[in-house]
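What follows is a set of notes on a single structure, which appears directly below.
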Amino acid sequence: MTPPDSAQFPAESTSALQSHGVVIARALSQRVTTADGELAILSEVELAVKAGETLAITGASGSGKSTLLGLLAGLDQPSAGEIMLLGQRLGDLDEDARARLRAGRIGFVFQSFQLLPALSALENILLPLELAGRADASTRAAYWLDRVGLAARAAHTPRQLSGGEQQRVALARAFATDPEIVFADEPTGNLDADTGARIIELLFELNASAHTTLILVTHDEALAARCQRRLHLVAGQMREAAFA
Amino acid sequence: MTFARLGLWLLRRERASGEWRVLLLALIIGVGSVSTTGFLGDRIKRAMSEQGASFLGADLMVTSPRPIEDWPVPAVESGALATSQALEFASMVSRGDAFQLATLRAVDADYPLRGVVRIADRPFEPGAARPAQPPPGSIYVEPSLLPLLSASVGDSVKIGEATFRIAGIVAEEPGQLGGVFGLAPRVFLRADEVETTRVLQPGSRLTYLYQFAGEPEQLAAFSAAVKPALDSTQRLIGSREGVETLRGAFANADRYIQLTALISLLLSVAAIAIAAHHHALRHYDQAALLRCFGATTTQLRTLYAIQLLTLGLLGSLAGVAIGALTQQALAALILPGAVTRLPSLGLAPVGVAIASGLLALAGASLPALMRLIRVPPLRVLRRDLPPLPVAAWLSAAVSGSALLLLIAWYAGDAKLVGGFVGALIALVGVLILLARLALVAGRGVQRLSHGPLRFGLAQLLRHRFDSTLQLGAFTLALFLVALLALVRSDLIAGWQQQLPPQAPNYFLVNIAPHQQQAVAAYLSEHRLKASALYPMVRGRLVSKNGVSIAETLPEDARDSNTLRRELNLTWTATLPANNAILAGRWHGERRADAPVKAIPKVGNPLSAQADAELTPPAGAPLLSSDPSAEISVESGMAERLNLAIGDQLGFQVGDQTIAARITSIRSVKWDSMQPNFFVIFAPGQLDALPASAIASVYVPPDATDVLPGFVKAFPGITVLALDKLIANIEAVFAQIIGAIQLLLGFLLAAGMAVVVATLLASLDARQQEAVLLRTLGAQRAYLAKGLWSEFIALGLLAGLLASACAEIAMALIANRLFELPLRLHPWLWLVLPLGGALLVGMSGWLTTRHITRVPPMQSIRALN
């Protein structure tokens with residue numbers, strides 16, 4: 001796949017844009033103002049991810065990986081440039097419209113799992129299903145908990161689960177709504193090597209069977225190597241776009 | 001799933017969270033406090049209005065200190081209106097050696113025109129509706145009179161010179177919710193038998209009650225005709241007005257009690273605000289996650305609003321339930337004996353209490369929740385990202401207006417709101433200042449200490465904001481509790497102690513002119529020391545320099561008691577011993593120089609030392625328009641009514657008007673236990689008026705057996721025992737203070753809620769610290785000792801501050817209001833700090849103890 005030619009999205013129809021990918025970023029920059037002046041976190045990032053693709057965003061700490069992930073998922077707004085997410089121009093949407101776009105169509109996996117401590121494993125999976133208004137929420141949640149091998153731990157709260165088990169619940173939660181895209185931020189960052197490897201296996205297995213687009217941030221070489229494509233960031237700038 | 005349902009679902013799952021518990025608890029305490037007073041106030045108000053005309057005993061009533069012979073209304077003469085007459089006066093009732101002051105109501109056969117009087121055969125039985133007029137030769141009495149006279153139904157008692165049989169107990173009468181604060185129990189006797197008692201003397205305080213009932217048109221015509229004919233000492237009361245007056249008086253007292261309750265609610269607001277703030281802090285991640293999953297601002301707002309509303313309703317309902325229980329206890333304290341006659345619980349206070357709870361909750365927690373829904377979704381990736389700030393003015397406006405609305409609601413009028421808010425701000429300011437000073441002192445102690453104590457004190461000093469808040473809240477609660485206890489014990493004890501040895505302990509009132517010599521003889525025969533004997537005439541101050549007195553005063557000063565009631569006017573040439581001239585010249589001085597024109601002085605028949613003090617009871621002509629008539633006015637009255645030397649005052653005495661010029665202003669030592677007067681005339685102006693006399697006498701403890709003999713010898717003279725009066729006042733005090741103490745229980749609980757809320761808010765940081773310390777090798781006992789040191793220090797400091805505040809407040813009250821000598825209370829400085837240390841120590845330890853028990857590894861995982 002080649003990046004679009006012009007600096008602007010073509011003005012044609014959404015369907016034409018769709019063909020370029022489910023996530024498209026053009027001339028994406030993020031700057032913050034600090035006491036020492038303006039600091040560029042991301043500069044002129046160009047990116048297009050097609051449906052079903054897997055992309056690893058790699059780079060050293062502070063290279064802007066997580067910032068890019070946040071921007072692509074519509075969690076933040078860029079200082080410059082444009083993003084198309086699932087056919088919608090994010091710049092045209094306000095915070096609430098972006099939230100509505102995410103509901104049920106985008107899944108997340110986080111480094112620190114981000115399970116709600118008051119809810120059981122099953123309820124944590126149930127939460128996005130309920131938010132998306134799925135009628136079969138309960139059965140789906142139970143199905144996905146079983147898929148990650150934790151059916152026996154349904155009533156356990158995150159505190160009663162190990163790190164690896166918590167991340168498995170998080171994976172089930174991310175895939176339970178049949179999302180079109182799953183964003184994962186350092187999914188193995190808080191886990192030991194063995195557990196991390198098992199989580200990677202599970203992540204790719206689920207992704208393959210659900211035909212989901214997967215965009216993940218990592219500095220785990222093994223994990224990045226499993227992705228079809230890799231985007232390497234150095235100080236906020238794209239250095240390399242390698243194909244697997 | 002709707003977000004409302006999701007909110008409830010999440011709430012249910014988080015119900016065990018500490019913040020929700022504290023928030024709920026604080027709300028229950030606050031609402032419990034306001035609904036306790038709300039319920040009881042409502043019951044009493046409804047008792048008054050539901051009784052309507054029966055409350056007054058008639059449709060209309062005219063009260064007058066003199067009999068009214070001619071009614072300017074044909075309806076009365078023609079009999080178109082039903083009428084009834086009663087006479088009310090105070091007198092002694094005696095049986096054997098026992099005697100008691102009572103309020104006698106002499107009634108005719110038609111009394112009451114509306115409502116019923118229930119007479120029972122035994123005390124505290126419901127009784128049956130019967131005419132209030134007892135059979136000839138008998139009386140009905142209030143149950144409280146029986147034990148005072150060691151009498152029961154069927155026994156005979158003496159009133160004046162007549163003997164009556166107690167024929168029944170007054171179980172219920174119009175206008176009475178039970179003889180609550182009555183010092184003189186009520187007795188019903190026949191109007192036609194008053195004469196036989198011979199207790200009525202010229203100058204006796206009498207009230208004639210004329211009752212009327214009839215058709216509305218006739219009553220309206222009657223009112224219109226009678227009103228202009230009444231003078232300022234007479235009053236026309238409609239059944240509605242009667243209730244309204246009572247309700248007005250009650251509403252005022254009720255309002256202050258409600259405001260006391262409101263303080264607990266406001267203290268709860270502090271606890272709620274802390275808990276809500278901490279709850280929001282802990283839920284930023286949850287909110288961010290929900291946004292990440294696609295929740296919009298409106299959906300989050302719905303979710304948190306429904307949670308808040310649910311908690312608000314739950315807390316308020318539980319508070320109302322507690323209020324419903326405690327109001328019964330409060331009723332038993334305020335209205336013993338009448339509780340069963342109050343209407344059942346009303347629904348109106350439930351609404352008020354729930355609305356108060358929701359308003360308090362909204363004011364306390366909206367700023368925190370407003371931040372919660374403004375959490376950026378990016379926080380899921382960058383945990384340090386704070387919510388978008390909410391404009392400070394917006395939070396302040398939301399909280400401020402909610403709280404102000406709440407205060408305004410309870411205080412009623414703008415002046416009281418202003419006063420309350422002002423006092424509250426001043427109090428908070430003083431408490432913050434004191435708490436800060438105490439913490440500075442704590443720093444000194446910390447430097448000298450070591451080990452766990454040093455660690456505990458360091459905690460206290462590090463969380464300066466929390467500590468200030470906890471100290472302030474707890475100091476306030478302890479201070480108010482202590483102040484009440486002191487007021488109760490000190491004032492009464494102080495007053496009793498302050499009486500000089502051999503100060504008069506009995507007042508003799510209603511001494512008829514013809515009895516004076518005999519009374520003197522009796523007392524000297526029994527070697528009793530009496531004060532000067534002062535003749536008394538009752539009159540009302542009506543004008544100043546020819547203008548109606550009310551018109552000379554600003555609007556808010558017109559309601560003075562001095563203007564509404566009749567004053568006891570006396571005359572003497574000798575300045576009473578406990579009086580001092582502050583301005584002008586005592587009229588007696590000039591009189592002394594004056595030639596023989598002066599009224600011939602007659603020896604005081606009651607006092608051996610004061611022979612020359614008394615002017616004759618009669619003799620000189622009445623000089624009602626004598627422009628040279630002179631009076632001396634008490635300084636407080638002169639100040640209240642804006643009177644000065646040279647002012648010409650007009651008094652209405654009976655149907656005459658007497659003018660006199662102020663020639664001196666006196667200070668009066670009111671607690672001297674001597675007969676004291678606001679206005680003293682120079683001899684010569686009032687002498688011709690019918691007057692009875694008053695005196696005080698000292699009866700040594702071993703000579704009290706003289707008194708029954710005295711009462712038997714002079715049945716018409718009222719003997720007031722000061723120790724009984726003081727005991728009565730003490731009992732009334734105990735009732736009121738008991739009621740307020742019940743409310744202070746809520747305040748203390750609210751103070752503890754503040755402590756727990758602040759501790760919970762710091763629990764995460766404390767746990768992190770404890771984990772670190774334990775990992776570094778600190779033993780559990782070390783941590784536990786550190787925690788105990790911190791909380792005990794906090795409680796001790798709060799107790800010390802509260803002791804200091806209570807001593808200062810008590811000194812001010814004793815000195816300014818009651819002119820009692822300064823007294824310190826060493827026990828207070830022991831009890832309050834110990835009590836504070838115990839309460840704060842317990843609540844603090846219970847809140848935080850588990851952080852010393854959790855294994856470090858588990859804590860680290862939990863914190864991650």
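Residue numbers begin at 1 in each chain, while the letters A, B, ... track the order of the sequences.
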Top of A:Gly70, A:Ala99, A:Ala97, A:Ser66 for chain B proximity - count of heavy-atom pairs under 4.5 angstrom: A:Ala99

Heavy-atom cut-off 4.5 Å, strictly under: side chain, backbone, both or neither for A:Gln111 against chain B? neither

Taking side chain as C-beta onward, heavy atoms only, is A:Asp76 less than 4.5 Å from B:Pro376? no

Is there a side-chain contact between B:Leu10 and A:Leu116 (heavy atoms, below 4.5 Å)? yes

For B:Phe293, does its backbone N or O pair with a side-chain atom of A:Arg102 as donor and acceptor, under 3.5 Å? no

Taking CZ in B:Arg464 as the centre, count heavy atoms belonging to other residues, nucleotides or ligands within less than 6.0 Å. Is the count above 12? no

Greatest number of non-hydrogen atom pairs under 4.5 angstrom with chain B, of A:Glu95, A:Arg173, A:Arg100, falls to A:Arg173

Could you measure the distance from the CZ atom of A:Phe108 to the CG atom of B:Leu381? Nearest 0.5 Å is fine. 7.5 Å

Examine whether an atom of A:Arg98 lies under 4.5 Å from a heavy atom of chain B, and if so say whether it belongs to the side chain, the backbone or both; otherwise answer neither. neither

Are any of the side-chain nitrogens in A:Asp96 or B:Arg291 under 4.0 Å away from the carboxylate oxygens of its partner? yes

With a 4.5 angstrom heavy-atom cut-off, which part of B:Leu289 approaches chain A: side chain, backbone, both or neither? side chain

Dump the intermediate steps for side chain to side chain contact (heavy atoms under 4.5 Å, CB included) on B:Trp9 and A:Leu127, then the final yes or no. CA-CA 10 Å; B:Trp9 181 50; A:Leu127 188 64; 3.9 Å; yes

Sort out for me which of A:Leu75, A:Leu119, A:Leu129 touches chain B most, counting heavy-atom pairs under 4.5 Å. A:Leu75

Could you check whether any side-chain heavy atom of B:Val380 comes within less than 4.5 Å of a side-chain heavy atom of A:Phe110, counting everything from C-beta outward? yes

